[in-house]
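Counting convention: from 1, in listed order, for ligands and their atoms alike. Basis for what follows: all heavy atoms, side chains included, without hydrogens, waters or symmetry-related copies. Residue numbers start at 1 and run along the sequence shown.
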Amino acid sequence: MALLAPSLLSADFVRLAEDIARVEAAGADWLHLDIMDGHFVPNLTFGPPIVAAIRKISKLPLDVHLMVTNPAALVEQFAEAGADYLTVHVETEPHLHRLVNRIRELGVKPAVTLNPATSVDLLDEILDEVDMVLVMSVNPGFGGQKFIPASLDKIRRLRQKLKRLDRQVLIEVDGGVNQATAPQLIEAGVDVLVAGSAVFGSDDMKMTIAALKQAH
Ligand code: DX5
Ligand code: ZN
C-alpha cells in the first residue's frame, strides 16, 4: 500500500479550498505542490504565499516540489510558508549537500529529484542525507503527460541502492501515475505516488484514490 499525494496542478485554482477538501475527504495522504519558475521548466505556477494559504486550510503534509533554477534562494521562504517536504532537482544545484542540510536546519524534510534523462547514480553520495527521492516519470512542467516506462527500472535500481542504508528513505514517483501504471510502480518499490490528472479528472475521487493506493 502506497501513500497518495494529489498534485494540485490539476485542481481548479479558483476553487482551491474546495478541491483540497474534496481530496482530503477522498483519502489523500499528502498534498503535492508544484512550484515552477518559467525558467527551469517552461511553465509558471505559484509561490510561498499560496503555500502559506494552503497551510492554513489543511493539516495534510505539504510536499513541495521545486522546479526552479535557483532553489537555494527560495528554501527559506517555502519553509516559513509551512512546507513539510522540500524537493530540489539535482540538475539545478551544484552544492546539493549544502542545500539539503540547509533544508533540514530549517526544520523541513529534504528530498531530491531527477529528470528522466538524469542517472540515478548521481544520487549515490547524497542518499544518506535525504528523507525522500522523487523519480520524475515525465519531463517536468505540465500535468497530464504520458508515463515514461524506463522510470520503472530506475525505481528498481534506486530501491536496490536504498537497501544498503540503515535508515528509511522514501521513494516517490511523479508523472503519468494512473490506475494502469500504479500497480507496476508499487511493485517496483514506490512508497509515495503523486497523481494530478488521474485524481482531479476522476468522477469518483474516493474510489480512484483507493484504487491507486492499493493497486497491485
Ligand atoms: C509535472 C509535475 C507533476 C504533475 C503530475 O511537472 O511535477 O506533479 O502535476 O501530473 P499528472 O499526474 O497528470 O501526470
Ligand atoms: Zn510534481
Side-chain angles (χ1 to χ4, degrees), residues 2-13 16 19-20 22-23 26-47 50-51 54 60-69 71 74-75 78 83-92 108-118 130-152 154-155 170-186 190-203 205 208-209 211-213 215:
L3 297 175
L4 195 281
S7 164
L8 297 187
L9 192 60
S10 292
D12 181 343
F13 278 27
L16 203 47
D19 272 2
I20 289 170
R22 283 170 64 214
V23 293
D29 298 289
W30 297 0
L31 296 175
H32 183 83
L33 311 184
D34 288 300
I35 312 301
M36 305 187 185
D37 67 350
H39 190 263
F40 176 61
V41 290
N43 197 3
L44 280 164
T45 54
F46 52 85
I50 304 284
V51 176
I54 293 170
L60 293 183
L62 301 184
D63 171 31
V64 177
H65 176 193
L66 295 178
M67 286 160 276
V68 301
T69 297
L74 295 168
V75 290
F78 282 105
D84 292 280
Y85 283 87
L86 268 175
T87 302
V88 295
H89 271 265
V90 300
E91 300 86 359
T92 61
V108 180
K109 294 187 176 77
V112 288
T113 182
L114 61 181
N115 284 336
T118 305
V130 298
D131 288 348
M132 182 167 74
V133 175
L134 167 58
V135 175
M136 288 306 302
S137 42
V138 298
N139 288 291
F142 305 95
Q145 300 184 82
K146 200 170 164 290
F147 180 79
I148 297 171
S151 317
L152 282 167
K154 212 169 179 179
I155 290 161
L170 298 174
I171 301 181
E172 183 179 49
V173 65
D174 183 8
V177 174
N178 55 37
Q179 287 185 52
T181 54
Q184 306 166 66
L185 289 163
I186 292 172
V190 163
D191 303 292
V192 187
L193 299 161
V194 175
S197 48
V199 169
F200 288 98
S202 164
D203 294 333
M205 263 186 193
T208 301
I209 289 178
L212 290 170
K213 287 170 64 160

Can you tell me which N/O/S atom of [X] has the shortest distance to the Zn ion (ligand 2)?
X: His65; answer: ND1
X: Asp174; answer: OD2
X: Asp34; answer: OD1
X: His32; answer: NE2

For the side-chain contact (heavy atoms from CB on, under 4.5 Å) test, which of Ile35, Asp131, Val75, Leu74 pairs with Leu86?
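One option only clears the test, and that one is Val75.
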Kindly confirm or rule out an N or O of Gly141 lying under 3.5 angstrom from an N or O of ligand 1.
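Yes, at least one N or O pair falls under 3.5 Å.
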Should Val177 be counted as touching ligand 1, given the test is an N or O pair under 3.5 Å?
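For ligand 1, there is no N or O atom that lies under 3.5 Å from one belonging to Val177.
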Quick test: of every protein heavy atom, which one is nearest to [atom], and how far off is it to 0.1 Å?
atom: atom 13 (O) of ligand 1; value: Ser197 OG, 2.5 Å
atom: atom 14 (O) of ligand 1; value: Gly176 N, 2.8 Å
atom: atom 1 (C) of ligand 1; value: Phe142 O, 3.5 Å
atom: atom 2 (C) of ligand 1; value: Asp34 OD1, 3.4 Å

Which of the atoms in ligand 1, numbered in the order shown and given with their element, are less than 4.0 Å from a heavy-atom of [X]?
X: Asp174; value: 2 (C), 3 (C), 4 (C), 5 (C), 7 (O), 8 (O)
X: Ser7; value: 4 (C), 8 (O), 9 (O)
X: His65; value: 7 (O)
X: Pro140; value: 6 (O)
X: Met36; value: 6 (O)
X: Ala195; value: 12 (O)
X: Gly143; value: 10 (O), 13 (O)
X: His32; value: 8 (O)

If we only count heavy atoms from C-beta on, is the [X] to [Y] side-chain gap below 4.5 Å?
X: Val192; Y: Leu134; value: no
X: Thr45; Y: Leu9; value: yes
X: Val108; Y: Phe78; value: no

Nearest 0.5 angstrom please: Ile186 CD1 to Leu193 CG, how far?
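Those atoms lie 5.0 Å apart.
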At what distance, to the nearest 0.5 angstrom, does NZ of Lys154 lie from CE of Met136?
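Result: 10.0 Å between the selected atoms.
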I'd like to know whether ligand 1 has Gly175 as a neighbour, heavy-atom separation below 4.0 Å.
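A heavy atom of Gly175 does come that close to ligand 1.
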Under 3.5 Å, side chain of [X] to main-chain N/O of [Y], donor-acceptor pair present?
X: Asp34; Y: Ser7; answer: no
X: Ser137; Y: Ile148; answer: no
X: Asp84; Y: Leu62; answer: yes
X: Ser10; Y: Ser197; answer: yes
X: Gln145; Y: Asn139; answer: yes
X: Asn178; Y: Ala180; answer: yes

Nearest option to atom 12 (O) of ligand 1, as decided by whichever heavy atom of Ala198, Pro6, Gly196, Ser10 sits closest
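The residue whose heavy atom sits nearest atom 12 (O) of ligand 1 is Gly196.
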